[in-house]
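One structure is given below, encoded as structure tokens.
So that the names make sense, note that chain A is the first sequence line, chain B the second, and so on, each numbered from 1. Bear in mind the structure is a predicted one, so any value in this text is a computation, not a measurement. The analysis underlying the following values was restricted to heavy atoms, covering all of them including side chains, and did not include hydrogens, waters or symmetry mates.
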Protein chains: 2
Amino acid sequence: MAQTDTVTRILDTAEVLFAERGFAETSLRTITSKAKVNLAAVNYHFGSKKALIQAVFARYLDPFSERFHQALDDLELHYRGEPIPLEVLLETLARTVLEVPAERNSLKVFMRLLGLAYTQAQGHLRRYIQEHYGNVFSRFSDLVRRATPELPEAERFWRLHFMLGTVIFTLSGLDALRDIADKDYHEHVSVRDLIRRLRPVVVAGMQAPLPDDALKVAG
Amino acid sequence: MAQTDTVTRILDTAEVLFAERGFAETSLRTITSKAKVNLAAVNYHFGSKKALIQAVFARYLDPFSERFHQALDDLELHYRGEPIPLEVLLETLARTVLEVPAERNSLKVFMRLLGLAYTQAQGHLRRYIQEHYGNVFSRFSDLVRRATPELPEAERFWRLHFMLGTVIFTLSGLDALRDIADKDYHEHVSVRDLIRRLRPVVVAGMQAPLPDDALKVAG
DNA sequence: AATTGTTTAAAACATTCGTTTATTCCACGC
DNA sequence: GCGTGGAATAAACGAATGTTTTAAACAATT
């Protein structure tokens with residue numbers, strides 16, 4: 001049990017702490033003491049703190065990447081060259097995102113980490129993710145392009161990230177928001193509730209009219 | 001020139017560095033050396049690094065709060081009890097946000113800072129902002145309620161935060177996103193461009209049809 | 001011009017960080 | 001059995017951090 005136990009213990013503890021406080025604000029000493037492993041274990045097993053951060057992401061993104069590619073394969077087979085509708089693409093993305101961490105019961109952590117990847121400095125992380133998972137995003141992006149031919153190239157890019165922001169912000173701040181919502185409206189929301197509420201908003205956002213003077217792009 | 005110069009020199013330098021790297025990743029030594037003031041000056045004039053962070057925010061949020069209250073006063077006077085339309089409220093909010101840092105020629109910095117306030121740990125910052133500027137948000141929130149009576153209470157709450165997520169995520173991850181956008185589309189976007197693109201998306205999101213089975217709430 | 005209070009300057013202080021080293025432990029194969 | 005190699009441990013290292021201290025320079029007031 002030796003190695004496996006220590007490595008996963010570190011990863012389990014690190015991902016929670018990273019999600020709670022960010023990367024720079026989480027020291028290796030905090031991680032190792034909470035995980036009840038030796039301080040040097042991180043550098044021994046992972047090499048450095050940077051490598052640990054990347055490993056935390058890989059544990060989520062590797063299964064996600066595989067499953068999502070598989071799901072897109074199925075879709076492309078089914079639609080046989082026809083453009084896949086935007087709703088179907090978003091639905092598939094949402095389902096895959098929900099499936100992956102469901103096994104680990106930590107959707108919230110996964111979302112927080114995704115948010116941090118965009119927000120925190122950590123240039124190495126962006127490079128790592130881009131390098132390892134850029135093709136998944138590219139593939140999805142291409143399919144969305146075919147589903148929304150009326151959108152100018154740049155506009156689609158930005159709207160995709162707008163919607164990404166909506167989802168990540170909401171789900172990563174879920175606890176805080178849920179506290180407020182519970183207190184003010186006495187109505188408890190589940191993650192599934194939230195996603196049900198998110199769907200029409202995201203679709204409407206993607207299909208919103210073009211900004212007033214986007215002429216230079218729209219040609 | 002003595003005090004004023006040193007204090008504003010520190011603030012000017014700090015806000016740029018904070019916006020670029022975040023709070024924890026920016027050391028006082030980096031700030032003071034770049035600002036060409038003594039290291040101890042920060043602790044002398046502000047008391048601590050935390051207080052410096054708060055001071056950086058206050059320099060933006062104090063004028064913003066004042067202007068926004070004034071703008072809402074004008075609106076309420078003009079609409080004389082009638083509900084103020086949602087588009088007008090959002091427009092006013094956006095205009096005020098744009099006006100404040102325009103004088104200091106640093107809209108991007110202001111936006112990044114707003115994003116960091118939500119994103120970074122810094123519990124003291126959230127408490128400070130809540131305490132000093134919470135009433136502005138409450139007032140705006142009430143006006144939005146009157147502008148969207150058709151929305152169930154909880155639905156409006158969530159959508160407001162969806163849209164907040166869109167804006168904050170986009171603006172706080174601006175550099176990262178801009179890097180990608182520059183590389184892929186060779187088109188440089190300004191913050192003003194982004195806000196122009198954001199508007200129709202936010203409006204459409206707020207006015208999206210209700211989710212399929214929100215019946216229990218809609219009554 | 002002397003004095004007072006304020007600001008700047010240089011240095012040191014006490015922590016904390018990531019990383020490395022040296023040692024011990026322990027399981028496994030010969 | 002023993003030795004060997006991978007893994008855990010304890011300790012220390014060097015660098016960087018926020019903060020404090022002490023002294024000097026300065027401005028303003030009387």
Strand-adjacent residues in residues 27-39 of chain A, judged by heavy atoms under 4.0 Å from DNA chain D: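 Here the set is A:R29, A:N38.
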
Any residue in residues 17-25 of chain B with a heavy atom nearer than 4.0 angstrom to DNA chain D? Just list them by number, or reply none. none

What's the closest nucleotide to the side chain of B:A40 if the choices are C:dA10, D:dA7, C:dT19? C:dA10

Residue A:K49, side-chain atoms from C-beta onward, closest of C:dT19, D:dA10, C:dT7: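 Output: C:dT19.
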
Pairing residues for [X] by the ring pair (Phe, Tyr, Trp, His ring centres under 6.0 Å) criterion, not counting sequence neighbours:
X      : result
A:F64  : A:F68
A:H124 : none
A:Y44  : none

Euclidean distance, atom [atom1] of residue [X] to atom [atom2] of [N] [Å, nearest integer]:
X     : N      : atom1 : atom2 : answer
B:F46 : C:dT6  : CZ    : P     : 17 Å
B:Y44 : C:dT6  : OH    : P     : 7 Å
B:K50 : D:dT19 : NZ    : P     : 9 Å
A:I10 : D:dA7  : CD1   : P     : 12 Å

Inter- and intrachain pairs under ring-ring contact (aromatic ring centres under 6.0 Å, His included), touching residues 15-37 of chain A, at least two apart: A:F18-A:F23

Which residues share a side chain to side chain contact (heavy atoms under 4.5 Å, CB included) with [X], sequence neighbours left out:
X     : value
A:R21 : A:L17, A:E25, A:T26, A:T30
B:T32 : B:V37, B:L39, B:V42
A:A51 : A:F46, A:S48

Over the length of the helix from C:dA1-D:dT30 to C:dC30-D:dG1, how much do the five-pair end axes diverge, rounded to 10 degrees?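 Terminal axis comparison yields 10°.
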
Which residue in the set B:V203, B:L90, B:T166, B:D193 passes side chain to side chain contact (heavy atoms under 4.5 Å, CB included) when paired with B:L198? B:T166

Please confirm whether the shortest side-chain N or O distance from [X] to OP1 or OP2 of [N] is below 4.0 Å.
X     : N      : value
A:N43 : C:dG18 : no
A:T6  : D:dA8  : yes
A:H45 : D:dG6  : no

Set of salt bridge (Lys or Arg N to Asp or Glu O under 4.0 Å) partners for B:E91, sequence neighbours left out: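 Testing B:E91 for salt bridge (Lys or Arg N to Asp or Glu O under 4.0 Å), a comparison that skips the adjacent residues, returns B:R199.
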
Salt-bridge criterion met for A:E155 and A:R159 (N-O under 4.0 Å):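 Looking at A:E155 and A:R159, the cut-off is met.
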
Tell me every residue that passes side-chain hydrogen bond (donor to acceptor under 3.5 Å, both in side chains) with A:N43, counting only those two or more places apart in sequence or in another chain.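 For A:N43, no residue satisfies side-chain hydrogen bond (donor to acceptor under 3.5 Å, both in side chains) once neighbours in sequence are set aside.
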
